[in-house]
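For ligands, and for the atoms within them, numbers begin at 1 and follow the listed sequence. Only a predicted model underlies this, so the values are computations on that prediction, with no experimental measurement involved.
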Amino acid sequence: MQIFALTGAGVSAESGLGTFRDKAGTGLWARFDPMKLATPEAFARDPAAVQEFYNFRRRNLLSATPNAAHAALARLQEALRAGGGALTLVTQNIDDLHERGGARHVVHMHGELLKARCAACGVLREQREDISTIEECPRCGRIGTMRPHVVWFGETPLFLEEIFAALEKADLFVAIGTSGSVYPAAGFVSQARALGVRTCEINLEPSDNAHVFDERRYGAASAAVGAWVDEFLAAL
Ligand code: OAD
């Protein structure tokens with residue numbers, strides 16, 4: 001059995017990391033303008049504001065802990081692996097809570113907050129401290145080019161080839177804690193359907209493309225994901 005899981009900010013919400021959008025209008029992008037904080041143009045125009053936004057989120061991440069949803073997905077990954085199958089865990093989240101929750105291989109299609117990269121030479125390094133606007137690149141020596149290793153609006157998500165190869169092999173596609181509003185991730189469910197793969201959504205509330213899914217389960221991820229994993233493994 002091959003499962004493809006796509007996770008989003010809702011999986012980490014109960015760990016205290018904010019989501020971007022919700023029906024109540026309290027998400028991060030209701031309070032902050034993504035065009036001023038999450039684009040290459042914003043970084044060129046106002047690097048201090050961009051660094052501060054990600055520095056704040058990095059500090060927040062370092063004090064957060066995984067929740068039961070992360071643990072349940074790690075449990076599913078291990079159970080499938082033991083049975084000769086696999087769970088491909090693709091996340092839009094830039095946090096490391098899937099890994100800290102026990103997952104082995106996580107595909108971070110929107111990058112990782114705990115890594116920084118030089119916008120000039122591309123060198124990649126671990127990053128747990130704040131990044132300053134006068135930081136020197138450890139490889140090329142340029143000043144102010146180190147940026148969070150995250151995908152900004154207008155940039156291409158990472159690992160798309162690996163992702164589409166895994167979708168093609170999947171027996172089941174499950175989207176968890178994602179609003180279905182940012183492409184290409186929001187289009188994976190339609191691609192899965194076109195490939196004849198069964199689809200399931202687990203979210204607090206119906207996502208923008210809820211109608212496309214074969215099965216829908218609503219509730220907080222910390223309870224809903226564990227319940228689904230238990231049911232799924234019992235039926236295997
Ligand atoms: P969103 O914030 O758009 O959506 C989060 C979804 O999780 C919403 O549908 C919420 O209802 C749901 N949710 C909230 N709390 C939950 C909980 N406890 N349990 C289950 N579901 C819950 O986040 P994403 O879909 O991940 O990209 O956003 C996609 C991308 O948009 C992000 O990766 C980021 C953002 O802009 C970039 O920054 C490039």
Side-chain angles (χ1 to χ4, degrees), residues 5-43 49-51 53-54 56-58 60-61 64-73 89-98 101 106-113 115 117 147-160 163 173-189 200-213 216-229:
L6 170 70
T7 66
V11 162
S12 297
E14 290 159 89
S15 294
L17 304 183
T19 60
F20 300 96
R21 314 166 184 81
D22 55 38
K23 300 239 152 74
T26 55
L28 220 48
W29 293 152
R31 288 175 289 135
F32 300 98
D33 181 353
M35 293 305 124
K36 292 189 176 147
L37 297 167
T39 66
E41 293 77 20
F43 184 57
V50 173
Q51 295 290 15
F53 179 64
Y54 286 95
F56 168 78
R57 291 178 61 195
R58 191 181 300 102
N60 202 15
L61 169 58
T65 49
N67 66 55
H70 299 106
L73 287 169
L89 188 48
V90 176
T91 188
Q92 298 165 88
N93 299 343
I94 58 175
D95 65 55
D96 66 340
L97 297 182
H98 280 306
V106 184
V107 180
H108 282 276
M109 65 177 292
H110 288 170
E112 294 172 76
L113 188 53
K115 289 186 180 162
R117 140 176 128 244
R147 56 163 280 186
H149 180 52
V150 300
V151 174
W152 284 328
F153 289 100
E155 296 182 323
T156 308
L158 310 171
F159 309 114
L160 289 179
I163 288 171
F173 170 86
V174 55
I176 306 170
T178 176
S179 62
S181 48
V182 173
Y183 286 81
F188 292 170
V189 58
C200 171
E201 153 162 292
I202 305 175
N203 206 39
L204 193 58
E205 57 202 358
S207 70
D208 290 357
N209 46 18
H211 59 283
V212 185
F213 288 87
R216 301 172 203 101
R217 305 171 71 115
Y218 298 112
S222 60
V225 178
W228 170 72
V229 168

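- Between P40 and F153, the shortest heavy-atom distance links the atoms CD-O, 3.4 Å.
- Here the side chains of F20 and V182 are not in contact, with every heavy-atom distance at 4.5 Å or above.
- Remark: the backbone N or O of L113 is paired with a side-chain donor or acceptor of R58 at under 3.5 angstrom.
- Here the CD1 atom belonging to I176 is positioned 4.5 Å from the CD1 atom belonging to I202, to the nearest 0.5 angstrom.
- Of the possible donor and acceptor atoms, none in the side chain of Q92 sits under 3.5 Å from a partner among the backbone N and O of A185.
- Residue contacts with ligand 1 leave out W152, since none of its heavy atoms falls under 4.0 Å from the ligand.
- Looking only at heavy atoms of the protein, atom 30 (C) of ligand 1 is closest to V182 CG2, 3.8 Å.
- Every atom of ligand 1 is numbered from 1 in the order shown, and the set under 4.0 Å from a heavy atom of G8 is 26 (O).
- Side-chain contact between F53 and L28 is present, with at least one heavy-atom pair separated by less than 4.5 Å.
- Here the heavy atom of the protein found nearest to atom 9 (O) of ligand 1 is N203 ND2, 2.9 Å.
- Each of the following atoms of ligand 1 lies closer than 4.0 Å to a heavy atom of A9: 23 (O), 24 (P), 26 (O).
- Annotation: atom 2 (O) of ligand 1 to nearest protein heavy atom, F20 N, 2.5 Å.
- Here is the list of ligand 1 atoms found below 4.0 Å of a heavy atom in G177: 5 (C), 6 (C), 7 (O), 21 (N).
- The nearest heavy-atom contact from the protein to atom 25 (O) of ligand 1 is T178 OG1, 2.6 Å.
- Listed by atom number, the atoms of ligand 1 under 4.0 Å from F153 heavy atoms are 36 (O).
- Atom 33 (O) of ligand 1 has as its closest protein heavy atom H110 ND1, 2.8 Å.
- At the shortest separation from atom 38 (O) of ligand 1 among protein heavy atoms lies W29 CZ2, 4.1 Å.
- Ring orientation note: the planes of F43 and W152 are tilted relative to one another, at an angle of 30° to 60°.
- When heavy-atom distances to ligand 1 are checked against a 4.0 Å cut-off, E14 comes that close only through its side chain, counted from C-beta outward.
- Inspection of the S179 and D208 side chains reveals no N or O donor paired with an N or O acceptor under 3.5 Å.
- Formation of a donor-acceptor pair under 3.5 Å by the E201 side chain with backbone atoms of S207 is found in this model.
- Nearest to atom 7 (O) of ligand 1 by heavy-atom distance, out of G10, A221, G154, G180, is G10.
- Rounding to the nearest 0.5 Å places CG of L97 at 7.5 Å from CG of N67.
- Listed by number with element, the atoms of ligand 1 under 4.0 Å from a non-hydrogen atom of E205 are 10 (C), 11 (O).
- A donor-acceptor pair under 3.5 Å is absent between the side-chain atoms of N203 and the main chain of G10, judged by distance alone.
- The protein heavy atom nearest to atom 1 (P) of ligand 1 is S179 OG, 3.6 Å.
- Here A38 has no heavy atoms under 4.0 Å from ligand 1, in either its backbone or its side chain.
- Listed by number with element, the atoms of ligand 1 under 4.0 angstrom from any heavy atom of T19 are 2 (O), 14 (C).
- Among the atoms of Q92, some N or O lies under 3.5 angstrom from an N or O of ligand 1.
- Close to ligand 1: A220, with a non-hydrogen atom less than 4.0 angstrom away.
- Atom NE2 of H98 is separated from atom OG1 of T7 by 3.0 Å, given to the nearest 0.5 angstrom.
- Residue R21 touches ligand 1 through backbone and side chain together, judged by heavy-atom distances below 4.0 Å.
- Short contacts between ligand 1 and V151, defined as distances under 4.0 Å to a heavy atom of the residue, involve ligand atoms 39 (C).
- Inspection of the H70 and S12 side chains reveals an N or O donor paired with an N or O acceptor under 3.5 Å.
- With a 4.0 Å cut-off on non-hydrogen atoms, L204 touches ligand 1 through its backbone as well as its side chain.
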